[in-house]
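In what follows, chains carry the letters A, B, and so on, assigned in the order in which the sequence lines appear, proteins first and then strands, with residues in each chain numbered from 1. Nothing here was measured: the structure is a model prediction, and the numbers come from that model. For the numbers below, each heavy atom of this structure counts, side chains included, while hydrogens, waters and symmetry mates do not.
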Protein chains: 4
Amino acid sequence: MGMVGGGKDAFIGAIHRIALNMDGLIELACGALSINPEIAEDSGRSLFLSPDRIYLTYDEMIKKESELPADKRIDFITIVTPNFAHFAPAMMALDNGFHVVIEKPMTFTLDEAKQLKQKLEQTGLMLCLTHTYSGYPMVKHAKAMVQNGQLGKIRKIYVEYPQGWLSKLTEREGNAQAAWRTDPKKSGKSGCMGDIGTHAAHLAEYISGLKITQLCADLNIVVDGRALDDDGAVLLKFDNGASGVLMASQIAAGEENALKIRLYGEKGGIEWAQQEPNTLLVKWLDQPMQVLRAGANYADRLSSFATQNCRTPGGHPEGYLEAFGNIYRNFALSLQARLDGKEPSKEMMDFPKVEEGVRGMAFIDNVVASSQSEKKWTPFEI
Amino acid sequence: MGMVGGGKDAFIGAIHRIALNMDGLIELACGALSINPEIAEDSGRSLFLSPDRIYLTYDEMIKKESELPADKRIDFITIVTPNFAHFAPAMMALDNGFHVVIEKPMTFTLDEAKQLKQKLEQTGLMLCLTHTYSGYPMVKHAKAMVQNGQLGKIRKIYVEYPQGWLSKLTEREGNAQAAWRTDPKKSGKSGCMGDIGTHAAHLAEYISGLKITQLCADLNIVVDGRALDDDGAVLLKFDNGASGVLMASQIAAGEENALKIRLYGEKGGIEWAQQEPNTLLVKWLDQPMQVLRAGANYADRLSSFATQNCRTPGGHPEGYLEAFGNIYRNFALSLQARLDGKEPSKEMMDFPKVEEGVRGMAFIDNVVASSQSEKKWTPFEI
Amino acid sequence: MGMVGGGKDAFIGAIHRIALNMDGLIELACGALSINPEIAEDSGRSLFLSPDRIYLTYDEMIKKESELPADKRIDFITIVTPNFAHFAPAMMALDNGFHVVIEKPMTFTLDEAKQLKQKLEQTGLMLCLTHTYSGYPMVKHAKAMVQNGQLGKIRKIYVEYPQGWLSKLTEREGNAQAAWRTDPKKSGKSGCMGDIGTHAAHLAEYISGLKITQLCADLNIVVDGRALDDDGAVLLKFDNGASGVLMASQIAAGEENALKIRLYGEKGGIEWAQQEPNTLLVKWLDQPMQVLRAGANYADRLSSFATQNCRTPGGHPEGYLEAFGNIYRNFALSLQARLDGKEPSKEMMDFPKVEEGVRGMAFIDNVVASSQSEKKWTPFEI
Amino acid sequence: MGMVGGGKDAFIGAIHRIALNMDGLIELACGALSINPEIAEDSGRSLFLSPDRIYLTYDEMIKKESELPADKRIDFITIVTPNFAHFAPAMMALDNGFHVVIEKPMTFTLDEAKQLKQKLEQTGLMLCLTHTYSGYPMVKHAKAMVQNGQLGKIRKIYVEYPQGWLSKLTEREGNAQAAWRTDPKKSGKSGCMGDIGTHAAHLAEYISGLKITQLCADLNIVVDGRALDDDGAVLLKFDNGASGVLMASQIAAGEENALKIRLYGEKGGIEWAQQEPNTLLVKWLDQPMQVLRAGANYADRLSSFATQNCRTPGGHPEGYLEAFGNIYRNFALSLQARLDGKEPSKEMMDFPKVEEGVRGMAFIDNVVASSQSEKKWTPFEI
């Protein structure tokens, strides 16, 4: 595969490389790793890329790679550039027959997202969106419990994502991550909600199997001098009548990456916190709480969606990189199955796709619209 | 003192009695413990009350007690009846010169609350409202930290209060607690928000020292056949510009009494959870989190408001009953000081009073109004 | 009842008073509260004792009280003096027909303990030993689970009790608690093991229902200038063949009162930690861990020994004072039953008695002997 | 590099492969992956090894690889066979100029360990022992805190390693892992202490910088029919006068892999638990406990030994595989530095070496000897 963006000066590119290396299924064969040619070259060399496959632009990369013989050519590209630079390489890759892995939020605008969706339908190619948190095994088990009806009808969802790293005007202190994420020209029409609110919304829909139908948003710019929201809360209504609350903040001083979700059904509730990801709390209406653990020796009773996404036995903690690796592994196994003319298993196909990407972009649009509205409820429109 | 309500068949009466017994400062001398004469008699006897001070109505009790000589007469009455039966005995007690301790929410309507406030201003008597959770030492230390500016300006408040005990139609299964709390004629215009939302709102205002100025509420009746809200979420605005989220639910299946509050300021955040009340987490923007503990050996650096509300050294956990006891103790010490012609200390006077009771009733009114409104924001009016 | 020791300058006396006040079953009627007459008088007055029942010595108290008419006379005395001053008032009380509540360790020497046991057998009176930690409801449920065979045969016990308060030579810095506890003339032949090791050993035997048969001890004086052990670890063998480890330390800098016990049987294990006492972790060999909670709504499935020692519903935490109160309540209910000519229930009789006191003193003797021996195993002799 | 053992039917081989893949520094180029030729072939193919570098024996592999030109030849081999089959391939590899990575315990006997040490001294080659748990960043920070004197002189060490997976006679139920680990011919003279006690002892010495000088062991065979110890506890003395307790068990039903260590010094204590590895609790004698977190934004104040072993920012949990990866990465970076004629940094050289391997084998010998002795203390001899 080849990578667009993710040079030495970036954060998420290195994470993607560890994730795709993890299971020995994917080889990083080429890259257009930076818009800065020097960084692109340097980064490519330090990653042991073959010199003729270190490209200076995605355009060059896609063209050259598509001209290689099938057995040398990459199968897919990963796009890890800032949001505003997702669409063009993705579209060009699809146009040239490459599958695509792409960071969230999927595009800069909802319209771009819809175009990608249409293109995928036309080409039959695959797109994988790296909503990492849905790669954790206990998240998958939570989803399975809901699907199996173990909690009864879902009534209430709380999802929260407090971070503290934008508590100051970090973007003016040389933090490159902060700089582009708080810049409307690079990040899009929302800051905090686009960056982490979309993760929270995706997790809520992924686990519950429900769709948000209405929302009521309060977005805030807390730190003076910032251009985009750095905090917000959203009341939610879901398509089965359940209600929910989504909280996302980047000014929750002292918090790291404290994504947490709770769902309550008629029979019980579940709680999962990303910072202790191998544990799933299951609270029963009239029984003691159970603490389910990834890889545990009762794993035969965990969902196959969980067990097929574990690499270690219980008590040997897996983390964020393994969850990220699961997204890549499932995508790679699905791709391989298709290349082999086989039908991928449901477990393999369990990675976020273009539909989730479209809903994420719509979430951003709707949240921003609601935030600007004096009406309480805004319908979730796509 | 004397008690109105709280007979053998009640829950909160017994809690009040343990709390007031705890420090040996208060004596239960008389009671009108039930509207059921048999229960009133039985309960009085089993509490070793003198037979001539077991009354069948609060009316009788207040009259007879006010006729006793000053050294025999009670100083105050505690009212632990359902909400609709708070106002009349409270007003009569005040009219007869007795101080009052009263369960929350203070009255049935906001108007009654205002009348009590006026009466107290006229008489100079004291009213203590048992918002128990503000009696915990680490809650008091949290308040002190905010006041001292240790967290900088407060920017965000999350307060949540999930319970699961009304996940079914328990009120039809012989649960007396559930029956009156879900009955609009006894409980008032709100169920969940009146019962526990008021605690959450009080805690947020108590710790932060801020006042809610606007709110946007989503109240739900989740369990079919129920007459009052059993779940809700409220977006909040505070008078310093901070925003907040209040979540209260009685259908969060599997939760016990999981009141929790988090406040974030410019410099750090704090987190306190009622189910582990001796711990206060202090999260710093750029330092490791600290775990402050009630009674710890660095207690000299805890606020006097915290240390004067501890009975045991660190690691000997105090709980709900001690927090409740603190409310009574502070009230009793303040009362004693006044009777002795002295000025009570600030620490003694740190118990919830009529002002909090009025704000609690206004919270209920405003939340219900907002819930019925199509406009996003409802101003907090009293 | 009457109290020996526990004046204003003491710690544990105040704790006892809160515990015995808690349930309104016991009245503090007299006291010989200090060997310092001024403190004795002062303390008595501030506790509202009748002036003629404020005594200056236990001797005077026991004599005068035994001359009172039966309906005015106290039923029992509580002894909360330092260890060396337990035996004489206890024996005199028993000789005069009073029941006794006594702090642990029960006496200064094993021989005194045996004499108390003999006297109790002769008189038929009752002795209650305040091993507080066995008063917690979840400790009682743990014991019930072992007895019911839910864990299978017990194979391993870990019990640990780290404290940090003697990390420095606190006894020379005016800490009265530290002073007598580290003084062999007042505390006995062991410091740490006598003070807290005995609690740990008691808890292990109480929950498991097993008896220690052999031990191998390593006692240390860590802080220079101290006369008694302030740290130690003991390997244990139990009468069913299980093995165990007991760790107690008062130089574990930064620890509060971190008593914790784990037992493992053939089918599962349990873990209970005093600083979060309302929770009992139950770990199953091939099922998810369960988190049992005091007062929870599945309480009907908790042991009656647990439920009869709870005062609040789930999520309203009870703590150390309530556990202490349970010891007193059970003793008082048993005493009342006997006075009423009834047989107390098993649950009422579930408080530590003289047998546990004798075993505690033997534990101290055997641990000290083992510590001084070059042989690995020392048999547990009484 | 090349791998000896670790075929499809093994557990730890796959773990090693993920760990060495993780950072893109190491390539698995050849293997003798099983003594079963069919498995060896199959496993090699499924790992995409070049067919001519899939060997059937380590002997063949070492010979053939040593004949390859320097730029094609592997640099080191990893040995992941059962204990009894460590020494021969390690010695042969060293004799042929290959560096070695080896699973713990390093050899079958102490004598073999000493021979390896001698050979390494003669050849100047490097050996890396995969004591994984010392690869965690917060373990490294703990070590740095001790070295910097932040805790004062260390006085007490508790290290515990309870597992439950051998609570039944699993070795007779087709569990291949259990089978060889409980077989004296394959595992060596100790079961539990050799398998996990050695990890615990290593961790205690690694973090504290101290050496065990005496020990007193109680080893048990708890499950009937087992040939080697499956449980044990050891009292320890260290070379600075500190004492300690080491507990290891494989019959602690319901435990996963609950390695935990606590060290207490004059000024404070630290606690680290493998199942929540990104957190280090720092308990101060007279300050609130601090919760240090891997990757946190105060990382500039964490030790370079910690920060250079993190891949993600705070709140993105790393786990067991990353700790394992750190061992490989540091070894690989040190090797690369040497190949480049440079001196590796202290941080790079921070991986377990032959000295730790020799001490581990001596620990097994001494623990077994102590267990069989009637004397309390056995000196730690090498």
message: Just so I know, are the side chains of P317(C) and P277(B) near enough to count as touching, which here means a heavy-atom distance under 4.5 Å?
response: yes

query: Taking side chain as C-beta onward, heavy atoms only, is F11(B) less than 4.5 Å from P313(C)?
result: yes

Do you know which two heavy atoms are closest between [X] and [Y], and how far apart they sit?
X       : Y       : result
L321(C) : E318(B) : CD1-OE1, 4.3 Å
F48(B)  : G24(C)  : CE1-O, 3.6 Å
E256(C) : A296(B) : OE2-CB, 3.9 Å

query: Side chain, backbone, both or neither: which part of E276(C) has an atom under 4.5 Å from a heavy atom of chain B?
result: side chain

query: Quick one: what part of I18(C) sits under 4.5 Å from any heavy atom of chain B, side chain, backbone, both or neither?
result: both

So how far is it from [X] [atom1] to [Y] [atom2], rounded to the nearest 0.5 Å?
X       : Y       : atom1 : atom2 : result
H316(C) : F324(B) : NE2   : CZ    : 9.5 Å
N278(B) : Y320(C) : CG    : OH    : 13.5 Å
N21(B)  : I26(C)  : CG    : CD1   : 11.5 Å

Given the options [options], which has more heavy-atom pairs under 4.5 Å with chain B than any of the others?
options                            : result
L259(C), N257(C), L25(C)           : N257(C)
E255(C), Q274(C), Q163(C)          : Q274(C)
G325(C), A258(C), G319(C), A323(C) : G319(C)

task: Kindly check if the number of other-residue, nucleotide or ligand heavy atoms within 6.0 Å of NZ (K260(B)) is above 12?
output: yes

